[in-house]
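Note sheet for the following structure.
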There are 2 protein chains.
Amino acid sequence: MLNYDLILKNVNKHIQLNKEEKEFFISLLHHKFIKRKDFLCRLGEYSKSENFIIKGCLRTYTLDENGVEHIIAFGIEDWWAGDPYSFLTNSPSNYYIDALEDTEVFQISKENLENLLETIPKFERYYRILFQNAYVAQQKRINQNISFSAEQRYLEFLQKFPSLEQRISQKQISSYLGITPVFLSMLKKKISTR
Amino acid sequence: MLNYDLILKNVNKHIQLNKEEKEFFISLLHHKFIKRKDFLCRLGEYSKSENFIIKGCLRTYTLDENGVEHIIAFGIEDWWAGDPYSFLTNSPSNYYIDALEDTEVFQISKENLENLLETIPKFERYYRILFQNAYVAQQKRINQNISFSAEQRYLEFLQKFPSLEQRISQKQISSYLGITPVFLSMLKKKISTR
DNA sequence: CGTCTATTTGAATGTACTCAAAAGCGGTGG
DNA sequence: CCACCGCTTTTGAGTACATTCAAATAGACG
């Protein structure tokens with residue numbers, strides 16, 4: 001028996017659903033396990049679902065010309081992950097998405113989302129608010145990227161994702177911050193010796 | 001007689017309105033001039049409107065502890081500008097917004113937007129798509145901030161805003177890229193001599 | 001246990017910044 | 001209309017931040 005509490009609570013933060021609407025929504029979701037290191041989506045593939053994480057950790061990243069990974073976003077419990085651009089425009093994805101831990105998600109396909117938005121238009125509002133909040137959070141990150149030093153960005157990261165430091169490797173964190181793992185190691189040493 | 005073509009065409013890209021709906025929408029807009037260097041919003045103030053730019057150029061920026069400006073976003077014709085966080089949560093704004101050129105906008109207030117979303121729920125969809133697109137564009141910028149050199153970011157800027165280079169000062173561009181004006185001057189020289 | 005990857009450390013290098021001074025440019029007022 | 005003022009851009013020298021390369025150590029996983 002699957003537990004839909006987390007996702008229903010998340011929806012309920014922004015819109016109110018009656019029992020039938022809840023059941024209809026749930027009927028459109030597909031439960032999936034993603035094992036650590038498995039991919040949800042690769043560059044050039046078509047991202048066919050948006051994914052609500054109930055457990056675990058996903059990352060969205062790019063590879064540069066030297067094969068170095070750059071992490072655009074982490075996704076943890078109670079968050080959505082995916083490539084909205086690819087998903088919504090049916091175009092090849094610009095990103096890789098894989099699992100840093102064994103992860104469980106509820107997926108909604110494009111067809112089902114369209115069905116949902118038509119049947120219960122309130123969900124337009126839900127997704128509007130979701131994107132709005134994500135947009136605001138990204139604006140903050142952009143500000144930090146252009147105005148903070150690497151050290152300040154690292155300290156901010158610890159604030160924003162207090163639980164994540166113990167769960168993922170330092171290399172992942174450095175990749176999210178836009179610095180090398182070597183330099184992050186030096187920063188941590190510098191911070192700890194004062 | 002005000003010209004609503006640009007904003008109606010923008011809305012029409014995403015949702016279809018009949019004549020009455022158009023008229024109702026237009027009735028909620030307030031036309032405003034912002035003279036070059038005037039502020040639409042300051043840090044700590046309450047951002048009371050979202051602004052659709054019909055002419056001119058706005059910038060959203062922060063000031064760091066040394067008084068240096070960091071530009072989060074430019075807004076030009078056919079774009080919305082504002083601080084959605086402050087606007088939607090009635091909290092003090094984190095940003096300054098001012099005009100780099102004499103600018104004309106259509107403003108919608110929070111009350112009118114709420115009225116609009118209730119009366120014509122299709123607008124939830126319009127704003128959902130707007131934020132979604134903005135989110136995708138920001139993701140791309142974040143990727144560039146963490147994986148590109150300053151020179152690559154500058155060349156990307158020229159692609160993304162082809163018209164803007166002649167309209168605004170180099171200092172504004174450097175501030176958007178996250179580098180100093182001095183360094184941008186050096187980059188341009190380096191680029192032009194090859 | 002062995003292998004593979006992550007982390008640390010150190011040295012050398014490159015990228016971007018600070019400070020300072022000079023040159024350029026735009027707007028304003030006499 | 002020109003002179004002046006303030007701000008932007010350029011240039012140069014010195015410095016700090018962050019990277020690369022390499023080697024050693026530590027951890028994780030089969």
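We name chains A, B, ... by the order of the sequence lines, and we start the count at 1 in each one. Predicted model, so just to flag it, every value in this text is computed and none were measured. Only heavy atoms go into these numbers, but all of them, side chains included; no hydrogens, no water, no symmetry mates.
- Summarising the geometry, the separation between NZ on B:Lys189 and C1' on D:dT11 is reported as 7 Å, rounded to the nearest angstrom.
- Within the structure, every side-chain polar atom (N or O) of B:Gln172 is placed at least 4.0 Å from both OP1 and OP2 of D:dT8.
- B:Arg36 comes within 4.0 angstrom of no nucleic acid atom, judged by non-hydrogen atoms across all strands.
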Extract from the structure each pairing of a protein N or O with an N or O of nucleotides 18-20 of chain D at less than 3.5 Å, listing the distance.
residue, atom, partner, partner atom, Å
D:dA18, OP1, A:Ala150, N, 3.4
D:dT19, OP1, A:Thr180, N, 3.4
D:dT19, OP2, A:Thr180, N, 3.2
D:dT19, OP2, A:Thr180, OG1, 3.2

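- Looking at heavy atoms from C-beta onward, A:Tyr4 lies out of side-chain contact with A:Phe25 at the 4.5 angstrom threshold.
- A salt bridge is defined here as a Lys NZ or Arg NE, NH1 or NH2 lying under 4.0 Å from an Asp or Glu carboxylate O, and B:Glu114 with B:Lys110 meets this definition.
- The CG-C1' distance, from B:Leu100 to D:dT8, rounds to 14 Å in whole Å.
- Placement of B:Leu100 and B:Ile54 in two distinct hydrophobic clusters is found when ILVMFWY residues are connected by side-chain heavy-atom separations under 4.5 Å, directly or transitively.
- Atom OH of A:Tyr154 and atom C1' of D:dC17 are 18 Å apart (whole Å).
- Taking only side-chain nitrogens and oxygens, A:Ser185 comes nearer than 4.0 Å to OP1 or OP2 of C:dT8.
- Under the 4.5 Å side-chain criterion, counting only non-hydrogen atoms from C-beta, A:Ile146 is in contact with B:Arg141.
- With salt bridges taken as basic N to acidic carboxylate O contacts below 4.0 Å, one links B:Lys13 and B:Asp78.
- What separates CG of A:Asp102 from C1' of D:dC29 is a distance of 14 Å, to the nearest Å.
- In this structure, B:Phe157 has its ring center closer than 6.0 angstrom to the ring center of B:Phe161.
- A:Tyr176 does not carry A:Arg59 over the face of its six-membered ring by the limits of under 6.0 Å from the centre and within 45° of the normal.
- Ring-centre distance between B:Tyr61 and B:His70: not below the 6.0 Å cut-off.
- When each of C:dG10, C:dT8, D:dT9 is scored by its nearest atom to the side-chain atoms of B:Gln170, the top-ranked nucleotide is D:dT9.
- Taking every heavy atom of residues 161-169 of chain A and every atom of DNA chain D, no pair lies under 4.0 Å.
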